[in-house]
Amino acid sequence: MSDRKIPRLLQTPAVVLLLIWMLIPLGMTLYFSFIRYVLNNLRRPEWTTPSLSNWRGFGNYEFVLNSKDFLLAIQNSLFIVGSILFLTVILGVLIAVLINKAFPGQGIVRVLLISPFFVMPAVNAVLWINMILDPVLGLQGLAVDAINSVIDGLQAAPLVGGFFSLWPDFQPISFRATQTSALAVIIMVTWQWTPFAVLIFMTSLQSEDQQQKEAAILDGAGAWSQFRFLTLPHLARPIAIVVMIQAIFHLSLYAEIEIVSRGNGNKNLPYLIGEFANNNIGAASATGIFAVILANIVAIFLLRMIGKTLME
Amino acid sequence: MGRIVLDTVTKSFGESQVIPPLDLTIEDGEFAVFVGPSGCGKSTLLRLIAGLEDTTSGKILIDGDDATQVPPSKRGLAMVFQSYALYPHMSVRKNIAFPMRMAKLDQSEIDARVEAAAKSLNLVDYLEQKPGQLSGGQRQRVAIGRAIVREPAAFLFDEPLSNLDAALRVGMRMEILELHKKLNTTMIYVTHDQVEAMTMADKIVVLRAGHIEQVGSPLELYRAPRNLFVAGFIGSPTMNLMTGAIAAEHDATTIGIRPEHISVSATEGPWKGRVGVSEHLGSDTFFHIHDTGFADAITVRADGEVDFKYGDTIHLTPRADVIHRFDAQGLRIA
Ligand SMILES: Nc1ncnc2c1ncn2[C@@H]1O[C@H](COP(=O)(O)OP(=O)(O)OP(=O)(O)O)[C@@H](O)[C@H]1O
Ligand SMILES: [Mg+2]
């Protein structure tokens, strides 16, 4: 018995510390979510201090559920996370497989590929929205202008002019607009996190058994079959890891959303919490509890789906 | 059908020539074994035949057709690797079915062949398991099953048994031989274990540094090794080689006599020595004899009943008709 007691005893401080670390913020959030608690209210100054006498029951939750942005925030959270996962995994696998072959300049290419990961999220967002995606000054605007002028030129040309005059003038897309701001966030986060996926997939590819490949070649498997039946199953575990880690990270995206459109047309739960927290701490806390629930649903879903791969 | 001819084939990796020009013919249905010390190019040669490496020059003919430029999958050869190279994410059934699936055979045909192969290799109970759940011997059988179902013109084995323990190795050796008798397909088998070579081969190819030292049946190589290298390589324990005056008596630079061709006695015999370490195998005993005056140590094989103690004086009688003679170049004198 004492064999077991001693390690338990030694673990206790760490476990207790962790519990405190988690339980106190969670407990406070729960408490605030059930009371009226605002930072500033001239008519009802008693609401500005947290107190049980301001008990509101599920009132904050109702308020959040009925607020016009809540559904949008949930939808957007899932849409953004899902799209980023999808794109980073696909791009990551493709790039990793491509640069896994030996070629001249391999070292430099790899360093360049990894570098987006070291850019700060806010810097990343500013760079993309101002210098690349901006419809006038960004690369996008310049590229659309260039394409339009080429088409203009072709319309004047003899022979093919008739065909090209059927083409419309292309319009640059404004990524700060309501309909497209989520896309901008997806693009910039994908750019930043694809290197992470590439890095993990590449290490995994290097541990792939070469004799299996040779056996497959002799068995008549072409490049695609080798990829489909050997490489992809071999990558199942790293893909699961990439999906898990990114899902956790991207549910709490904030900087990019703030910088692209200040939440205009594109809020996720953390951003909604931020907006409420400008004054209404009670509603912000209730949203926080919803975010915890959403994160747990996503986690359970992911564990069901890919946890098995990890345990194998 | 599977007659394989190598015509002045060479292979270089960068500057270093691993296989100097080499000619070799393996007849249809033959069991050919490549032996040689580590790094002599056995695997490279096998991979050249399989098409996994390109020849630097020369031609490879399979059934008379030039296959030098033919991609590996079109050569109709199946290979079994030392590490088995099974596909870890697929069940045994899918592993065996894989080459047929790649060849787009009918599902019913695939199922039939998988069942047949599994039955002949005792794998029926394991078809739904993953390779990771199998023992080494079972994995090797799956690898062989995957090779059989393709009905190849020839099988290539690269040290398939070297990861198995001794008892299993003997068992698998017999299974492979039986398979050869049953299918009557050409097999090329790489090993550095000369016992495997002697017991399995129709034809042994002894390699050293990419050169073929000798080609022949196991008994030819045993009875008439073409040079000192083959003499030392084939036979266990290795042949005793002696130089100097005793060799000159036989008009040779070096003479060789196998341990099993020397008889021992406590009292009579032309050679005399002191018994060193002895190895008792039960049926046989190997004595290492010192102080004979013409070699550091001579190994002799005696019956298991014969008893000599460390340090005893011993007399030896070589069988005169099986003394091998070699000249100054190390070549056999007929
Ligand atoms: N891809 C390669 N690149 C460069 N050198 C190679 C390559 N493959 C083999 N070699 C060299 O070719 C020589 C023969 O190698 P090979 O693998 O054929 O030997 P082997 O007879 O199979 O040895 P073992 O019994 O240890 O398996 C070795 O000296 C090895 O260093
Ligand atoms: Mg080898």
Side-chain angles (χ1 to χ4, degrees), chain A residues 89-90 92-94 96-97 100-104 106 197 200-244 302-312, chain B residues 43 46-54 70-91 94-105 110 130-133 139 142-160 163:
Chain A
V89 167
I90 290 196
V93 170
L94 286 181
V97 167
N100 192 40
K101 304 230 156 58
F103 60 90
Q106 198 172 28
I200 295 210
F201 297 156
M202 215 164 63
T203 38
S204 173
L205 283 180
Q206 274 163 7
S207 70
E208 212 186 351
D209 187 309
Q210 287 311 306
Q211 285 205 334
Q212 279 171 28
K213 289 241 156 134
E214 292 182 343
I217 291 173
L218 281 168
D219 281 347
W224 166 250
S225 293
Q226 285 173 47
F227 174 75
R228 166 74 190 76
F229 295 111
L230 294 183
T231 306
L232 216 49
H234 179 77
L235 285 178
R237 188 178 303 216
I239 288 177
I241 292 172
V242 165
V243 167
M244 287 280 203
L302 284 178
L303 279 174
R304 278 275 163 79
M305 232 173 40
I306 57 183
K308 234 177 63 208
T309 337
L310 282 179
M311 296 307 152
E312 258 175 18
Chain B
S43 300
L46 203 66
R47 293 164 58 81
L48 285 172
I49 296 173
L52 292 172
E53 303 277 2
D54 293 326
V70 176
S73 58
K74 298 273 185 294
R75 296 191 183 190
L77 307 175
M79 187 153 168
V80 176
F81 294 84
Q82 179 178 0
S83 66
Y84 318 130
L86 298 177
Y87 310 128
H89 310 281
M90 300 181 201
S91 64
K94 292 217 168 113
N95 261 282
I96 298 178
F98 190 73
M100 297 183 282
R101 200 164 150 203
M102 289 299 111
K104 304 214 163 57
L105 260 59
I110 293 180
K130 296 267 173 74
Q133 298 165 294
R139 284 183 213 185
V142 176
I144 293 174
R146 191 173 64 186
I148 294 176
V149 292
R150 294 180 49 196
E151 302 179 346
F155 290 92
L156 311 176
F157 294 93
D158 192 356
E159 308 201 24
N163 285 350

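Just so you know, these numbers come straight off a predicted model, no measurement behind them. Because only heavy atoms are used, hydrogens play no part in the values below, and waters and symmetry mates are left out as well, while side chains stay in. A note on names: the letters A, B, ... follow the listed sequences, proteins ahead of strands, and every chain is numbered from 1.
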Which atoms form the tightest heavy-atom contact between A:V242 and A:V89, and what is the distance?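 Closest heavy-atom pair between A:V242 and A:V89: CG1-CG2, 4.3 Å.
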
Counting only heavy atoms closer than 4.5 Å, note whether [X] contacts chain A via side chain, backbone, both or neither.
| X | result |
| --- | --- |
| B:R75 | neither |
| B:A103 | neither |
| B:M90 | side chain |

Relative to chain A, which of [options] shows the most heavy atom pairs under 4.5 Å?
| options | value |
| --- | --- |
| B:P152, B:G51, B:S73 | B:S73 |
| B:A147, B:A85, B:P99, B:A50 | B:P99 |
| B:K94, B:Q82, B:R47 | B:R47 |

So which of A:K213, A:H234, A:Q210, A:Q211 has the biggest tally of heavy-atom pairs under 4.5 Å with chain B?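 Most pairs with chain B among the choices: A:Q211.
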
Does B:E159 have any salt bridge (Lys or Arg N to Asp or Glu O under 4.0 Å) partners at least two apart in sequence or in another chain, and if so, which?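 With neighbours one apart ignored, the set is empty.
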
Within 45° of the ring axis of B:Y87 and under 6.0 Å from its six-membered ring centre, is that where the NZ or CZ of B:R146 lies?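 Flagged: B:R146 positioned over aromatic ring of B:Y87.
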
I'd like to know if the side chain of A:Q106 reaches the main chain of A:K101, judged simply by a donor and an acceptor atom lying under 3.5 Å from each other, with no hydrogens or angles considered.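 Checked: pair present.
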
Looking just at side-chain N and O atoms, do A:T231 and A:E208 make a donor-acceptor pair shorter than 3.5 Å?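 Looking only at side-chain atoms, A:E208 and A:T231 do form a donor-acceptor pair, the distance falling under 3.5 Å.
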
Just one of B:R101, B:R150, B:K74 clears the salt bridge (charged side-chain N to carboxylate O under 4.0 Å, His left out) bar with A:D219, so which one?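 Of the listed options, the one satisfying the test is B:R150.
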
Check each atom of A:A216 against the heavy atoms of chain B and say whether the ones under 4.5 Å are side chain, backbone, both or neither.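 Both parts, backbone and side chain.
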
